[in-house]
Amino acid sequence: MNIFRFAGDMMHLTSILVLLLKIYATKSCSGISLKTQELYALVFLARYLDLFTDFISVYNTIMKLVFIVSSTAIVWCMKRDRVVRRSYDKQLDTFRHYFLLAASFALALLVNEKFTFQEIFWAFSIYLEAVAILPQLVLLQRSGNVDNLTGQYVFFLGAYRAFYILNWIYRYFTETHFSRWIACISGLVQTALYADFFYYYYISWKNNTKLKLPA
Amino acid sequence: GLSSSLKDEL
């Protein structure tokens, strides 16, 4: 474990806590893409298949459980909770995320560490995580004004993978057998997708104005 | 082994 990875995990956890806060405090999920939340729930379920077979550390197991439970709870809440689901922007959240699912799975069948069930699902979760934010970014551009908590949620979600890239650079130089090309390249793509969001987020923070993404 | 070190991350 290194500081970059720990900081990345904490930012990831913070993004989920901010989202939970927004939904439970405002009893609203306006501006949140259900499709992105469904994709994230799938990412964790596909990646943590080894949750009960490979014990790495207490921290690792607890964080995996937190991510699986929180992501499924958010999807459940946006679909089933009578109050919350009323504020879901169904007509704006129209990104065809099934294409992202199919493309990620097809790529995982072609490019993976080993052609085994667990490795293919791990690669699938890595590719899917890289593109899972797209429905959310499209929804933000369509809904124009972004409320603070939603903006902070997307910001922390983007920052976490940027810290993971620093972690991979650090591990590459400090560990002999370290090579994670699949995660690294996918992580770069994932962070790059946030580039324009980070730019407009920085501008709104600098000018102390409401965050607006150009349509 | 190599693959175990790869999967110690979240």
Side-chain angles (χ1 to χ4, degrees), chain A residues 1-2 4-13 16 43-44 47-51 53-57 59-68 71 112-114 116 118-119 121-123 125-126 129 160-161 163-165 167-168 170-172 174-184 187, chain B:
Chain A
M1 172 63 83
N2 60 64
F4 301 114
R5 194 166 115 211
F6 184 69
D9 289 342
M10 289 306 106
M11 287 200 171
H12 196 182
L13 185 63
I16 291 175
V43 164
F44 296 131
R47 187 174 305 173
Y48 302 151
L49 295 173
D50 62 348
L51 178 61
T53 55
D54 301 350
F55 177 78
I56 291 165
S57 71
Y59 170 82
N60 189 273
T61 302
I62 290 177
M63 290 297 277
K64 284 178 177 177
L65 286 170
V66 165
F67 288 155
I68 288 176
S71 58
N112 49 60
E113 304 269 347
K114 266 188 309 204
T116 63
Q118 190 148 341
E119 286 297 334
F121 271 83
W122 180 79
S125 82
I126 293 288
E129 184 184 6
Y160 119 79
R161 213 61 180 169
F163 272 84
Y164 254 75
I165 292 169
N167 150 65
W168 290 320
Y170 176 83
R171 292 188 77 175
Y172 178 78
T174 56
E175 294 174 25
T176 49
H177 291 298
F178 189 77
S179 82
R180 268 174 88 91
W181 295 113
I182 288 182
C184 210
Chain B
L2 189 58
S3 68
S4 64
S5 77
L6 294 187
K7 300 299 181 295
D8 64 342
E9 295 180 351
L10 289 172

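Every chain is numbered from 1 and lettered A, B, ... according to where its sequence line falls, protein lines coming before strand lines. We use all heavy atoms of the structure for the numbers below, so side chains are in, but hydrogens, waters and symmetry mates are not.
Closest non-hydrogen pair, A:Met63 versus B:Leu10, comes out as CB-CD1, 3.5 Å. The minimum heavy-atom distance between A:Asn60 and B:Asp8, with the atom names listed, is ND2-O, 3.2 Å.
Remark: A:Phe163 engages A:Ala7, A:Met11, A:Leu166 in a side chain to side chain contact (heavy atoms under 4.5 Å, CB included) (not counting sequence neighbours). Under the rule for a side chain to side chain contact (heavy atoms under 4.5 Å, CB included), the partners of A:Asn112 that lie at least two apart in sequence or sit in another chain are A:Phe115, A:Ile120, A:Ala123.
Only the side chain of A:Asn167 comes within contact range of chain B, judged by heavy atoms closer than 4.5 Å. Contacts of A:Phe67 with chain B are made by side-chain atoms alone, with heavy-atom separations under 4.5 Å and no backbone atom involved.
A salt bridge does not link A:Arg47 with B:Glu9: every distance from a Lys NZ or Arg NE/NH1/NH2 to an Asp or Glu carboxylate oxygen is 4.0 Å or more.
Residue A:Tyr59 qualifies as enclosed at atom OH: its count of foreign heavy atoms under 6.0 Å is above 12.
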